[in-house]
Enquirer: 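Once you've had a glance at the structure underneath, I'll fire off some questions.
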Amino acid sequence: MNLENTMSQITKEFSDETQRQYQFIENLKIWYNKKTQEIGRTLTACVQCFGCQMNARDAEKITGILEQIGYQMVETEEADFVIYNTCTVRENANLKVYGRLGYLNKLKKKNPHMMIALCGCMMQEQTVVDKIKKSYRYVDIIFGTHNIFKLAELMQARLDSKGMIIDIWKDTTEIVEDLPSERKYRFKAGVNIMFGCNNFCSYCIVPYVRGRERSRNPEDIVKEIKQLVADGVVEIMLLGQNVNSYGKNLENPMTFAELLQEIEKIEGLERIRFMTSHPKDLSDSLIEVMKHSKKICTHLHLPVQSGSSRILKIMNRKYTKEQYLDLVDRIKTAMPEISLTTDIIVGFPGETEEDFEETLDVIRKVKYDSAYTFIYSKRTGTPAASMEEQVDDAVVKERFNRLLKEVQTISAELTKKHENTVQKALVEQINEQDASLVTGRLSNNLLVHFKGCEDLIGKIVDVRLNECKGFYYIGEMV
Ligand code: SAH
Ligand code: SF4
Ligand code: F3S
């Protein structure tokens, strides 16, 4: 949503909090203009984002606020304001940030106007904030996942004080709507439908850093999508950690399947995607809605995590291998063309060779178009972190490689099946390697490269998939 932002336009339609934040943005605009005159150039800002689509959407909100203030957005960290939107789902995501902070310090020493802010999931961990307070004193602002809407207010606080500004909320029930937001693409957009997670899978830190599950009102969601469509968006991705439990805590409860039916009605919207689906909450009515929908893409991301019912129980996933396979059966019977993808964790505490074989068995039975495979990473504070029997690194590595091989073989076979068919592709960009080609996304989420020019970007066109290259196609427009 690209809102024009003069204060006069911020009418009573907006909540008090939204209006308050626009006031801070207005104040900062004045500060920004003074500052640019003082130093004789525009100020630049860089938002670096780690982690999932939810974080990417938050980064767009951050960018929206900064652009309203006046900042020129740049890709490089040699900027006047650098913001890291962090992820902590696995340890390596976390370590990356510390690695880069040292580099930022060097840049800051060269640029007296530079500010550094850290936000996102990592900042919701007390140990992280303590460490930054102690060893990374040059960070200016730290905020978390619940108060992104306050960025302008926090910047103002930093300008008014000398020290580091830290504002972390443990949790919230508040959803602040209608703040500015920038979009990375003009033809597709992510739309939050819910925040937080209540599932507490025993390995996962997300519920601790994203708080309890809360759904946005359907009216707000539909309004946002209508605005996006009016702005040229044809494809939306509905975002939530567990979209299948959407609407349970609304004043007027509503199911995800019902929400999808409302969204389907929006004229001009061509494609609907969503993630992530938790298998335990995927209803038969959702399968029905998907089956009859003209707009929902033929792709479902259905994380299995493990194929062993014993491990699934300890993971607190609330389904067995058999229930998962039965669900997949029902989905495939209703929609034989559906492309299924998944997430798998290898090396969960206590995972035996037999457990791992069960995972391989699920992969062979389901036949995923692709799978994100992760080595289990111990997250402090989660139940799994204190489980004994953490699996030996070498064993995990060996299982991981076997898993990857299996996934890749199956996915190559599946991709091959579509060769020589004609399918609709949404053209997303000029091909990165060859400027005479464009890259389009098929309904099943795979990519196809074909001759075309910039004018096609954002359009949905028919493409013949001439040649399968493993995970993508070379095609031609028909
Ligand atoms: N809400 C989504 C997943 C969000 S996290 C869902 O339930 O499906 C994305 C993926 O990261 C998870 O599906 C899981 O496979 C992986 N993941 C989460 N915690 C992890 C950990 N501690 N170690 C390794 N992988 C993890
Ligand atoms: Fe993590 Fe489980 Fe919630 Fe997904 S559903 S975010 S894996 S706790
Ligand atoms: Fe990472 Fe937070 Fe997403 S921990 S995966 S950015 S919800």
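When a ligand or atom number is given, it counts from 1 through the structure's own listing order. Residue numbers run from 1 in the order of the sequence given.
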Enquirer: Do the ring planes of H418 and Y473 sit parallel (below 30°), tilted (30 to 60°) or perpendicular (above 60°)?
Expert: perpendicular
Enquirer: Between Y98 and K131, is there a cation-pi geometry (under 6.0 Å to ring centre, at most 45° from the normal)?
Expert: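 Yes, K131 sits over the ring of Y98.
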Enquirer: Please write down residue, atom name and distance for the protein heavy atom closest to atom 3 (Fe) of ligand 2.
Expert: C197 SG, 2.3 Å
Enquirer: Could a heavy atom of M54 be found less than 4.0 Å from some atom of ligand 3?
Expert: no
Enquirer: List every atom of ligand 2 that sits less than 4.0 Å from any heavy atom of H278, numbering the atoms from 1 in the order shown and giving each element.
Expert: 5 (S)
Enquirer: Evaluating non-hydrogen atoms only, which member of C87, C197, G120, C52 is closest to atom 3 (Fe) of ligand 3?
Expert: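 When every heavy atom of C87, C197, G120, C52 is considered, C52 comes closest to atom 3 (Fe) of ligand 3.
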Enquirer: N/O/S atom of C201 under 2.8 Å from atom 2 (Fe) of ligand 2, yes or no?
Expert: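 So C201 counts as coordinating atom 2 (Fe) of ligand 2, yes.
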Enquirer: Can you tell me which residue and heavy atom of the protein come closest to atom 1 (Fe) of ligand 2, and the distance to 0.1 Å?
Expert: C204 SG, 2.3 Å
Enquirer: Under a heavy-atom criterion of less than 4.0 Å, does R317 contact ligand 2?
Expert: yes
Enquirer: Show which atoms of ligand 3 fall inside a sub-4.0 Å distance from at least one heavy-atom site of Q241.
Expert: 7 (S)
Enquirer: What residue and heavy atom of the protein are closest to atom 2 (Fe) of ligand 3, and at what distance?
Expert: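 Of every protein heavy atom, C121 SG, 2.2 Å lies nearest to atom 2 (Fe) of ligand 3.
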Enquirer: Out of H301, Q305, M275, H278, indicate the one that has the non-hydrogen atom closest to atom 14 (C) of ligand 1.
Expert: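 Among H301, Q305, M275, H278, the closest heavy atom to atom 14 (C) of ligand 1 belongs to Q305.
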Enquirer: Check the side chains of H299 and T341 for a donor-acceptor pair under 3.5 angstrom, ignoring hydrogens and angles.
Expert: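 Yes, side-chain donor-acceptor contact under 3.5 Å.
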Enquirer: Just to check, does Q53 reach to within less than 4.0 Å of ligand 3 when the distance is taken from its heavy atoms?
Expert: no
Enquirer: Do the two ring centres, one from Y84 and one from F50, sit under 6.0 Å apart?
Expert: yes
Enquirer: Determine, stepwise, if the pair L151 / F24 fulfils side chain to side chain contact (heavy atoms under 4.5 Å, CB included).
Expert: CA-CA 9 Å; L151 174 60; F24 285 111; over 6 Å; no
Enquirer: Among T342, I363, L360, exactly one meets side-chain contact (heavy atoms from CB on, under 4.5 Å) together with V407. Which residue is that?
Expert: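 So the option named by the test is I363.
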Enquirer: Output the list of atoms in ligand 2 that are nearer than 4.0 Å to some heavy atom of P207, sorted by atom number.
Expert: 8 (S)
Enquirer: Does the plane of the ring in H301 sit parallel, tilted or perpendicular to the ring in Y372? Use 30° and 60° as the thresholds.
Expert: perpendicular
